[in-house]
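Here is the structure we will look at, set down as structure tokens.
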Amino acid sequence: MTIHLTFLCAPGGDTTREPLLGDASPSENDLRTARAAAAALPVHRAAVRAPSVRCARTADALGLLAAPEPALRDLDLGAWCGRTAGDITATDPGGWTAWLTDPDAAPHGGESVRGLCRRAADWLDGAARDPGDTVAVTEAAVVRAALVHALAVPARTFWHLPVSPLSAVSLTWRDGRWDVGFGSVVPWDGRRRLPARSATLVRPRRPAWAAGNGRRSCSGVSNH
């Protein structure tokens, strides 16, 4: 059985460029880019999206009738939601450093990186049992977490996985393995840049995810 899953990263919400943490609508320029990219979408049977405003507006701009999927929600930033990165590094530099270096840390009282990785892995395991082609518009943090699982790499590599706005990550499940490809739906020089298979990786049988993650309603970090 073969399953094709394409993650499209919603633009906006990048803590390295937009210091305010939390959900926000993409800029008009981002939405224009998404509308221009609609023709490059892969053929699909179903479309889902994260429940954020950012992903809802991106999916609409892409012309997708995407159902909201709670499991694809962004990383929960707890008490840091609505604050700036500069404010946090000034008032809690130790917490900020721990969050970026320790996948089990949750100094904001929300969700740890490992908790997000476990949530994404659970969703992927379910998707691997549902045949067909699916497009998922979601947050960069969720795409990173899905790659941690598909590539079978440690959760500490999470922040080292680059995910750009409207990048497309293709996951193909066959014979108990994930094929992973990287691309983009953004038009460039009149050509489409769609995911191309780059690696075939064995899915881990028993991922060692740590238990325990926060359950707050605000989430935030995205593109890099």
Side-chain angles (χ1 to χ4, degrees), residues 2-75 85 120 123-124 127 132-147 150-151 159-173 178-199 219-224:
T2 301
I3 292 96
H4 300 286
L5 175 63
T6 302
F7 282 104
L8 299 179
C9 179
D14 183 355
T15 58
T16 64
R17 303 187 185 96
E18 299 287 343
L20 188 65
L21 306 183
D23 185 22
S25 178
S27 69
E28 285 305 314
N29 183 62
D30 287 334
L31 293 174
R32 281 194 298 272
T33 302
R35 284 190 286 269
L41 288 173
V43 176
H44 56 279
R45 174 188 58 82
V48 295
R49 62 168 175 83
S52 64
V53 171
R54 177 164 50 241
C55 290
R57 294 209 64 191
T58 299
D60 287 346
L62 287 165
L64 290 171
L65 296 175
E69 172 50 68
L72 297 179
R73 66 189 182 277
D74 204 356
L75 180 63
W123 188 81
L124 274 178
D133 297 349
T134 300
V135 171
V137 179
T138 189
E139 319 285 352
V142 176
V143 179
R144 288 192 186 102
L147 284 172
L151 296 170
W159 293 112
H160 301 286
L161 297 169
V163 179
S164 302
L166 292 176
S167 60
V169 174
S170 173
L171 301 183
T172 302
W173 175 263
W178 288 111
D179 286 352
V180 182
F182 303 87
S184 175
V185 294
V186 178
W188 176 67
D189 289 347
R191 299 188 297 273
R192 296 180 183 180
R193 293 186 294 167
L194 294 174
R197 190 175 72 178
S198 61
S219 55
V221 173
S222 280
N223 309 325
H224 180 50

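This chain uses plain numbering: 1 for the first residue, then up along the sequence. A quick note: this is a predicted structure, and the numbers were derived from the prediction, not measured.
- Residues meeting the side-chain contact (heavy atoms from CB on, under 4.5 Å) test with Ala47, sequence neighbours left out: His44, Leu64, Ala66.
- Atom CZ of residue Arg49 and atom CG of residue Leu62 lie 12.5 Å apart, to the nearest 0.5 angstrom.
- Applying the side chain to side chain donor-acceptor pair (under 3.5 Å) criterion to Thr172, with sequence neighbours excluded, gives His4.
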Start with the C-alpha gap between Trp173 and Leu5, add the side-chain angles, then the distance that decides, and say whether side chain to side chain contact (heavy atoms under 4.5 Å, CB included) holds. CA-CA 8 Å; Trp173 175 263; Leu5 175 63; over 6 Å; no
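- From Leu147, atom CG reaches atom CZ of Phe182 across 5.0 Å, with rounding to the nearest 0.5 Å.
- Legend: residues meeting side chain to side chain donor-acceptor pair (under 3.5 Å) with Arg45, ordered by chain and number and at least two apart, are Asp130.
- Taking both residues in full, the closest heavy atoms of Ala34 and Ala61 are given as CB-CB, 3.7 Å, listed atom of the first, atom of the second, then distance.
- Contacts of Ala38 classified as side-chain contact (heavy atoms from CB on, under 4.5 Å), with partners at least two apart in sequence or in another chain: none.
- The minimum heavy-atom distance linking Ile3 with Ala127 is given by the pair CG2-O, 3.8 Å.
- Closest approach of Ala120 and Val142 over heavy atoms only: CB-O, 4.4 Å.
- A donor-acceptor pair under 3.5 Å is formed between the side chain of Asp23 and the backbone N or O of Arg54.
- Residue Thr58 holds its OG1 atom at 9.5 Å from CG of Leu8, rounded to the nearest 0.5 Å.
- Here the CG atom belonging to Asp30 is positioned 7.5 Å from the CG atom belonging to Leu166, to the nearest 0.5 angstrom.
- Annotation: the span from Leu151 atom CG to Leu171 atom CG amounts to 8.5 Å, rounded to 0.5 Å.
- Residues Val163 and Val169 have side chains not in contact (no heavy-atom distance under 4.5 Å, counting atoms from C-beta outward).
- Listed by chain and residue number, Arg73 satisfy the side-chain contact (heavy atoms from CB on, under 4.5 Å) test with Pro51 (two or more places apart in sequence, or in another chain).
- Residues forming a side-chain contact (heavy atoms from CB on, under 4.5 Å) with Ala50 (at least two apart in sequence, or on another chain): Ser52, Cys55, Leu72, Thr138, Glu139.
- Leu124 is listed as a side-chain neighbour of Trp178, based on a closest heavy-atom distance under 4.5 Å.
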